[in-house]
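The structure presented is a predicted model; accordingly, all values stated were derived computationally and were not measured. Order of appearance sets the numbers: ligands from 1, and atoms from 1 within every ligand.
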Amino acid sequence: MLIETDVVGLPVLVVGPSALTEPAVRRYRRAGAQVIGVESPTGVTPVLAEWARLAVLVGDARQWPQARAALAGSALVVEEAAPDTARGRVILVGAGPGGTGLLTIDGRRALADADVVLTDRLAEVGDVAALAPGAEVIDVGKLPGHHAVPQTEIERIMVERALAGLTVVRLKGGDPYVFGRGGEEVAAAVGAGVPVTVVPGVSSAVGVPGAAGIPVTHRGVSHVVTIVSGHVPLDDQRARALADLGGTVVVLMGMHNLVPIAAALERCGLDPDTPAAVVERGFTPDQRSLVGTLGTLPGLVERGGAASPAVIVIGDVVRQSQVWARRAGARALEVVG
Ligand code: SAH
């Protein structure tokens, strides 16, 4: 729930058992109020009652006569039901490959309505706290020791908060279902009986080549696109299948395996002169493309260095960015070799 009245600087008491008042305290703080939480029926002292302009009675506190009596005549009193534990839910939101502009309108709405946001490294939508003003933001991409929170722990936090009645947004880079472990998180929610929905996002597999002027399909050039994880090197069976299929191959998470991936594709029949590119840090001010061929790309990357995250694109469509850049007379933001 968003607070729409201007409460900046307003002295607010949030009264109720602490397990219930936490979301309200956070909401009013985020909205700029000065908030004091009161957890016991006798905790609203005359001094606090005098200080407060607004008192929010949450859950059981609506039946605390001492609190009501203390507040009578001094502060505006509003009542809030305890968060309904049956109303908790999980929304997986695809953040796109970078920048707030690539977050969908539904994604923004989900964030605006969130009580908790679990975010990570690749979900770079700028200021998550501003997009989710009522939410506790938990960065599961790093802990104090810079270790990522294990997947099972992410799922545990997500489910636990939803079972407590909160709206939990799991914000993920790109699209949640493209190498994003979105399926596992949906399964965890379903397994716990928590309602779950997925808001798709722009996947880097399509968006990042596009940002470098490479259409992943193009009439007359490629009508097949295969998205492959390069997390582990390609075995020959897969490399042969890709080479036989033709079209465009997009490799995510493949930079540390670029050399064996390119070698496997060549060995299994893909022409070393096939155009190929690496597009780094798509949609950031540091976006850069290295453009060559299957045969030259590993050397180009070795000489030019490569920064993460990056997408590898292999196929004739890569040439398209060059064609257009030339036609537009644009200086290509590229290293070509
Ligand atoms: N679910 C994500 C992909 C997660 S796998 C999606 O749909 O985009 C992570 C990989 O995505 C990275 O290793 C890299 O290959 C790619 N990637 C994500 N964001 C990127 C960006 N801004 N620029 C280049 N590659 C990106």
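- Distances below 4.0 Å separate heavy atoms of F179 from the following atoms of ligand 1: 4 (C), 5 (S).
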Decide yes or no on salt bridge (charged side-chain N to carboxylate O under 4.0 Å, His left out) for D113 and R108, but give the supporting numbers first.
CA-CA 9 Å; D113 206 29; R108 278 190 91 106; over 6 Å; no

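- One N or O on the side chain of S74 and one on the backbone of A49 form a donor-acceptor pair closer than 3.5 Å.
- For R240 and D235, the salt-bridge test fails: no basic side-chain N is under 4.0 Å from an acidic carboxylate O.
- For ligand 1, one of its N or O atoms has an N or O atom of G173 under 3.5 Å away.
- Counting only N and O atoms by type, the side chains of T293 and T296 include a donor and acceptor under 3.5 Å apart.
- Neither the backbone nor the side chain of S308 comes within 4.0 Å of ligand 1, counting heavy atoms alone.
- Residue E22 places its CD atom among 12 or fewer non-hydrogen atoms of other residues, nucleotides or ligands, all under 6.0 Å distant.
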Please lay out, stage by stage, how K172 and E185 fare under the test salt bridge (charged side-chain N to carboxylate O under 4.0 Å, His left out).
CA-CA 11 Å; K172 305 180 73 69; E185 293 173 9; 3.1 Å; yes

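- At least one N or O atom of A310 sits closer than 3.5 Å to an N or O atom of ligand 1.
- Among the atoms of L252, none of the N or O lies under 3.5 angstrom from an N or O of ligand 1.
- Ligand-side atoms of ligand 1 in range of S204: 6 (C), 7 (O), 8 (O), 11 (O), 16 (C), 17 (N), 18 (C), 19 (N), 20 (C), 26 (C), range being under 4.0 angstrom from any heavy atom.
- Between S203 and ligand 1, at least one N/O pair is under 3.5 Å apart.
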Check against salt bridge (charged side-chain N to carboxylate O under 4.0 Å, His left out), E79 and R68:
CA-CA 11 Å; E79 298 184 11; R68 282 195 177 274; 2.3 Å; yes

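- Neither the backbone nor the side chain of Q287 has any atom closer than 4.0 Å to an atom of ligand 1 (non-hydrogen atoms only).
- For V279, no nitrogen or oxygen atom sits less than 3.5 Å from a nitrogen or oxygen atom of ligand 1, counting backbone and side chain alike.
- Of all the heavy atoms of T284, none lies under 4.0 Å from any atom of ligand 1, so neither backbone nor side chain is involved.
- Taking only nitrogen or oxygen atoms, main chain and side chain alike, V251 does not reach within less than 3.5 Å of ligand 1.
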Salt bridge (charged side-chain N to carboxylate O under 4.0 Å, His left out) between D115 and R89: does it pass, once the steps are laid out?
CA-CA 10 Å; D115 296 309; R89 63 200 174 115; over 6 Å; no

